[in-house]
Student: 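Got a structure for you, written out below as structure tokens; questions coming shortly.
Note that ligands are numbered from 1 as they come in the structure, with each ligand's atoms numbered from 1 the same way. A quick note: this is a predicted structure, and the numbers were derived from the prediction, not measured.
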Amino acid sequence: MSYVKKFQVEPGARIQLDKIDADFKPKGLDRDEAEERIRELTVELRDLQHLMYAEDQRSLLIVLQGRDAAGKDGTIRHVFGPMNPQGTRVTSFKVPSKEEQAHDFLWRCHKAAPKRGMVGIFNRSHYEDVLVVRVHDLVPKKIWSKRFDHINAFERLLADKGTIVLKFYLHIDRDEQLERFKKRMNNPKKNWKISDADYTERPYWDAYTEAFEDALSKCSTDIAPWFVVPANRKWARNLVIAEIVADTMKGLNMRFPEPEVDIEEIRRKYHEAERAG
Ligand code: AMP
Ligand code: MG
């Protein structure tokens, strides 16, 4: 079964995260083999991105969500790092600024959506507005509960413009999160990543589970599917995401555009120039 099918949330299906194994290992592939495959895939992804940029017809939006330490930053580095920076744009969504708060919740995300030819990566996204906002009652339920429809309409708008939308929930379990916090604490090169939020959010684990399950269930559509990616093992996570993105991009049957100039004419001019020296 392709990874697209295996990990995609069926539109309308009710997701239960505790039924999904965060420890998943691909069958018949050990870690070294998987890492070799990831290297191949990142080369493929780089070429596909180049083609998307050259074709300049469609764009790709990758949405990364997950709990603290789920591996959003690592995914960007390992899976999308080899792409050409000229054709990609990463946007990390933080606590909204005053300016952002004065607008509707989609405003900052719409501004960051990838234009034709580009790959856009959202490190967190408009989904924060039905996750952290819901868990901490930052706005009343009356407001956030309407946002699922707004999100689906927004993503449809992007799709109608030619944007492919792929959304990944990086699924780690409680023990793995604590293990990663420990590494952040004990490795001086990781200390900077620790935030108070890591610890203040952990007691809300179950409330987040409920919020994620709702978002994944209500907003996985044919044009903007959610994927639940088992992410306790970083290499398995990278493999699954790289396979799904490569598969999807290959399916677009993109073509290099016809040159805007007459190549025969250019050839003639070139030979003239060559003769003239
Ligand atoms: P990080 O991704 O670790 O840099 O943290 C960014 C922080 O911003 C996280 O704690 C998010 O929950 C928070 N954040 C992002 N978007 C929103 C939002 N719309 N409302 C409130 N907090 C947000
Ligand atoms: Mg963080």
Student: Transitively linked via ILVMFWY side-chain contacts under 4.5 Å: Trp226 with Val165?
Tutor: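 Same cluster.
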Student: Show me which atoms of ligand 1 lie under 4.0 Å from any heavy atom of Pro96.
Tutor: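 Near Pro96, the atoms of ligand 1 are 17 (C), 18 (C), 19 (N), 20 (N), 21 (C).
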Student: Is the shortest N/O to N/O distance between Lys94 and ligand 1 below 3.5 Å?
Tutor: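 Right, the criterion is met.
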Student: Quick check on contacts: which atoms of ligand 1 are under 4.0 angstrom from a heavy atom of Asp129?
Tutor: 19 (N)
Student: Heavy atoms only: which of Thr200, Val132, Ile194, Val139 is nearest to atom 21 (C) of ligand 1?
Tutor: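 Answer by nearest heavy atom: Val132.
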Student: Relative to the heavy atoms of Val133, which atoms of ligand 1 are at a distance of less than 4.0 Å?
Tutor: 20 (N)
Student: Answer with yes or no whether the side chains of Ser92 and Arg124 bring together a donor and an acceptor at under 3.5 Å.
Tutor: no
Student: Return the option from His136, Glu128, Lys72 holding the heavy atom at the smallest distance from atom 11 (C) of ligand 1.
Tutor: Glu128
Student: Is Ala197 in polar range of ligand 1, meaning some N or O pair under 3.5 Å apart?
Tutor: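 By distance alone, the answer is no.
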Student: When rounded to the nearest 0.5 angstrom, what distance separates CZ in Arg67 from CD in Glu201?
Tutor: 10.5 Å
Student: Among Arg124, Arg108, Glu100, Gln101, which one puts a heavy atom closest to atom 16 (N) of ligand 1?
Tutor: Arg108
Student: Can Glu33 and Arg37 be counted as an ion pair, charged N to O under 4.0 angstrom?
Tutor: no
Student: Rounded to the nearest 0.5 Å, how far apart are CD1 of Ile172 and CG of Asp68?
Tutor: 8.5 Å
Student: Could you please spell out the steps behind the salt bridge (charged side-chain N to carboxylate O under 4.0 Å, His left out) verdict for Glu35 and Arg31?
Tutor: CA-CA 6 Å; Glu35 281 175 349; Arg31 180 178 174 159; 3.2 Å; yes
